[in-house]
**Q** 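Pasting in a structure now, in structure tokens, and then I'll have a few things to ask.
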2 protein chains.
Amino acid sequence: MSIESAETRLRLLETATQVFAEHGYATTTIRMICGRAKVNVAAVNYHFGSKEHLYREVLRYARQRAYEKYPLTYGLEEGATPEQRLRAFVHSFLLRNFGDVRNLGFGTLTMREMVEPTSALDMIVDEGIRSLFEHLVAIVRAILGEDADEELVQACSRSTIGQCTFYLFSRTVMNRMAPEQQFGAEDVERITDQIMLFTLHALRGLSGKKTD
Amino acid sequence: MSIESAETRLRLLETATQVFAEHGYATTTIRMICGRAKVNVAAVNYHFGSKEHLYREVLRYARQRAYEKYPLTYGLEEGATPEQRLRAFVHSFLLRNFGDVRNLGFGTLTMREMVEPTSALDMIVDEGIRSLFEHLVAIVRAILGEDADEELVQACSRSTIGQCTFYLFSRTVMNRMAPEQQFGAEDVERITDQIMLFTLHALRGLSGKKTD
DNA sequence: TTTGGATTGAAACAAGCGTTTGAAACATAA
DNA sequence: TTATGTTTCAAACGCTTGTTTCAATCCAAA
């Protein structure tokens, strides 16, 4: 494979990430992607085999880049407290999913896949979401106490990540309801603070208790 | 319009609600709907004008039926406390959005519209979500205290509804990660309890404080 | 410079889409 | 029964889709 061929492939990957994120899998056409990437329509099938294969490569590509830049322990030092690790989790989650124009695609692509699953959802779950959630559960368990009821730990983990995903899923609606208050990259710090404030009060109040 | 014509129209509406909820607007074809409803493909354009007009009618229809059955004050008596009103809000939200097979469509349709907006999103926001959120904000303000910082009230409202929407948006993923623990209509009571437990501890902890 | 596989490009392909057509079937009132 | 407007139906319309074709072009090795 020549250098130029690799460049075409990469340009297709980058462009397709944007277009798939903007329009979703079904609505995106190969001609949209190729038009914006300034390559021939046959290039997708030559380099990736099909629209679906390109899409799967896009998902991998976006995820890898997002986690490289913002790992689960983003900005964390050795021997951090559970509270610090929770903050790093929330903060990196927000950054990874909509904190940067350059990896804008990842959060949107994942979100779309969750709402309108293609065959690629299993890949996303197995290669990302599962370990993400387990990471969170471990932190929540550490805060609640190691002997906390498992169902309570799970429920609190869902409540915590639910607050985070809200800013991803409800972005379009919130921006329409309160256009003066956008939720973008520059608001990540403030949102992190608010989620932490809410969550830590809840977890401390529940610490050492049983569910129901 | 004859009785049979009205029946055809209604059958199209019901069937279209299911199919749009299952596949989304773009992926759904008129032939899918008409095939399942056992009417001719021309019926959609005859009774509704176009696929898009049918879709908008479906959104109205699903919303009206869902709110009729589960209003914001579902099961609430006069003079209820803010905590009781919050519980009714969470409970009715869950029931309305995925608590019943008969109004399965509403939550899914709204969710899809939020992630992949069509021109109908403004309608959804103006005729439903805006007042829903304001209703919640009023409750949260009552719990935090009337002189609570407005930004804190807003943030806590987002954290609260974020927990609710999680069970809607992340359903596909949660069911894949833990197939033995499904989140369906029979789990609404338990989920309501868990959200309330988490949220009330957070709100009580924050009561009377300022955000920073 | 010549050769041969890799890559690109314009054009065409079959299939499926939303929509339209016009005749047939139906229902209702004179 | 006849006349009139409504509703259904099979078929076709024009268009877009993902994909394929095959000649033109490129580029490194011989």
Side-chain angles (χ1 to χ4, degrees), chain A residues 1-61 109 112-113 116-121, chain B residues 1-61 109 112-113 116-121:
Chain A
M1 193 164 62
S2 75
I3 292 176
E4 289 169 30
S5 166
E7 278 178 0
T8 301
R9 212 189 112 96
L10 190 64
R11 195 160 72 252
L12 266 175
L13 216 46
E14 302 257 12
T15 311
T17 304
Q18 294 176 27
V19 182
F20 278 131
E22 283 172 25
H23 299 95
Y25 179 78
T27 316
T28 296
T29 70
I30 289 187
R31 283 168 180 82
M32 279 185 205
I33 298 169
C34 293
R36 209 189 285 188
K38 295 197 169 74
V39 302
N40 190 271
V41 287
V44 164
N45 288 278
Y46 180 78
H47 287 281
F48 296 93
S50 69
K51 180 188 177 186
E52 193 181 333
H53 279 89
L54 167 61
Y55 177 67
R56 294 180 78 99
E57 286 300 305
V58 160
L59 288 181
R60 287 185 209 278
Y61 180 69
L109 288 168
R112 286 186 187 280
E113 192 64 27
E116 197 154 334
T118 72
S119 63
L121 181 56
Chain B
M1 192 164 59
S2 76
I3 293 175
E4 291 169 29
S5 166
E7 279 178 359
T8 301
R9 211 191 112 97
L10 191 63
R11 197 160 70 254
L12 267 176
L13 216 46
E14 302 256 11
T15 311
T17 304
Q18 293 175 29
V19 182
F20 278 132
E22 284 173 23
H23 299 95
Y25 179 78
T27 316
T28 295
T29 70
I30 290 185
R31 283 166 179 85
M32 279 186 205
I33 298 169
C34 294
R36 210 190 285 189
K38 294 197 170 74
V39 303
N40 190 271
V41 288
V44 164
N45 288 278
Y46 179 78
H47 286 281
F48 295 93
S50 67
K51 180 188 177 185
E52 192 180 335
H53 279 89
L54 168 61
Y55 177 67
R56 294 181 78 100
E57 284 301 304
V58 160
L59 288 182
R60 285 186 210 277
Y61 180 69
L109 287 168
R112 286 186 187 281
E113 192 63 27
E116 198 154 333
T118 73
S119 64
L121 181 56

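Chain identifiers are assigned alphabetically (A, B, ...) following the order of the sequence lines, protein sequences preceding nucleic acid strands; residue numbering begins at 1 within each chain.
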**Q** Between the two ends of the helix from C:dT1-D:dA30 to C:dA30-D:dT1, what is the bend in degrees, rounded to 10 degrees, where each end axis spans five pairs?
**A**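 Angle reported: 10°, given to the nearest ten degrees.
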**Q** Please tell me which of the listed nucleotides, C:dT19, D:dT8, D:dT19, lies nearest to the side chain of A:Asn45?
**A**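 The listed nucleotide nearest to A:Asn45's side chain is D:dT19.
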**Q** State which residues pass ring-ring contact (aromatic ring centres under 6.0 Å, His included) with B:Tyr61; sequence neighbours excluded, sorted by chain then number.
**A**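 For B:Tyr61, no residue satisfies ring-ring contact (aromatic ring centres under 6.0 Å, His included) once neighbours in sequence are set aside.
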**Q** Just jot down the salt bridge (Lys or Arg N to Asp or Glu O under 4.0 Å) partners of B:Arg56, sequence neighbours excluded, or say none.
**A**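 B:Arg56: no salt bridge (Lys or Arg N to Asp or Glu O under 4.0 Å) contacts found.
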**Q** Check whether any side-chain N or O of A:His47 sits under 4.0 Å from OP1 or OP2 of C:dA6, and answer yes or no.
**A**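 Result: no.
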**Q** Looking at residues at least two apart in the chain, or sitting in another chain, which of them share a side-chain contact (heavy atoms from CB on, under 4.5 Å) with A:Val39?
**A**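 Listed in chain order: A:Thr8, A:Arg11, A:Leu12, A:Cys34, A:Ala37, A:Ala43.
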**Q** Between B:Thr8 and D:dT7, is there a contact of a side-chain N or O with OP1 or OP2 at under 4.0 Å?
**A**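 For B:Thr8, the contact criterion (side-chain N or O under 4.0 Å from OP1 or OP2 of D:dT7) is not met.
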**Q** Please report, rounded to the nearest Å, how far the C1' atom of D:dT7 is from the CD atom of B:Glu7.
**A**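 Roughly 13 Å, once rounded to whole Å.
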**Q** Between the protein and nucleotides 9-11 of chain C, list the N/O to N/O atom pairs that are separated by less than 3.5 angstrom.
**A**
unit_1	atom_1	unit_2	atom_2	d
C:dA10	N7	A:Asn40	ND2	3.2

**Q** Figure out the OH/C1' separation between A:Tyr46 and D:dT19, and round it to whole Å.
**A**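 Distance, rounded to whole Å: 16 Å.
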**Q** Within residues 22-30 of chain B, which residues have any heavy atom lying less than 4.0 Å from an atom of DNA chain C?
**A**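 Within residues 22-30 of chain B, the residues near DNA chain C are B:Thr28, B:Thr29, B:Ile30.
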**Q** Kindly write out the residues that satisfy side-chain contact (heavy atoms from CB on, under 4.5 Å) with A:His23, not counting sequence neighbours, or none if the list is empty.
**A**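 For A:His23 the side-chain contact (heavy atoms from CB on, under 4.5 Å) partners, ignoring immediate neighbours, are A:Val19, A:Thr27, A:Thr28, A:Met32, A:Arg36.
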**Q** Among all residues two or more places apart in sequence or in another chain, which pass the side chain to side chain donor-acceptor pair (under 3.5 Å) test with A:Arg60?
**A**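 In terms of side chain to side chain donor-acceptor pair (under 3.5 Å), with neighbours along the sequence ignored, A:Arg60 is linked to A:Glu127.
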**Q** Can you name the side chain to side chain donor-acceptor pair (under 3.5 Å) partners of A:Thr15, sequence neighbours left out?
**A**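 Partners of A:Thr15 under the side chain to side chain donor-acceptor pair (under 3.5 Å) test: none.
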**Q** Could you list the residues that satisfy ring-ring contact (aromatic ring centres under 6.0 Å, His included) with A:Tyr25, not counting sequence neighbours?
**A**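 In terms of ring-ring contact (aromatic ring centres under 6.0 Å, His included), with neighbours along the sequence ignored, A:Tyr25 is linked to A:Phe20, A:Tyr55.
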**Q** For A:Ser50, which residues count as a side chain to side chain donor-acceptor pair (under 3.5 Å) partner, sequence neighbours excluded?
**A**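 A:Ser50 satisfies side chain to side chain donor-acceptor pair (under 3.5 Å) with A:His53 only.
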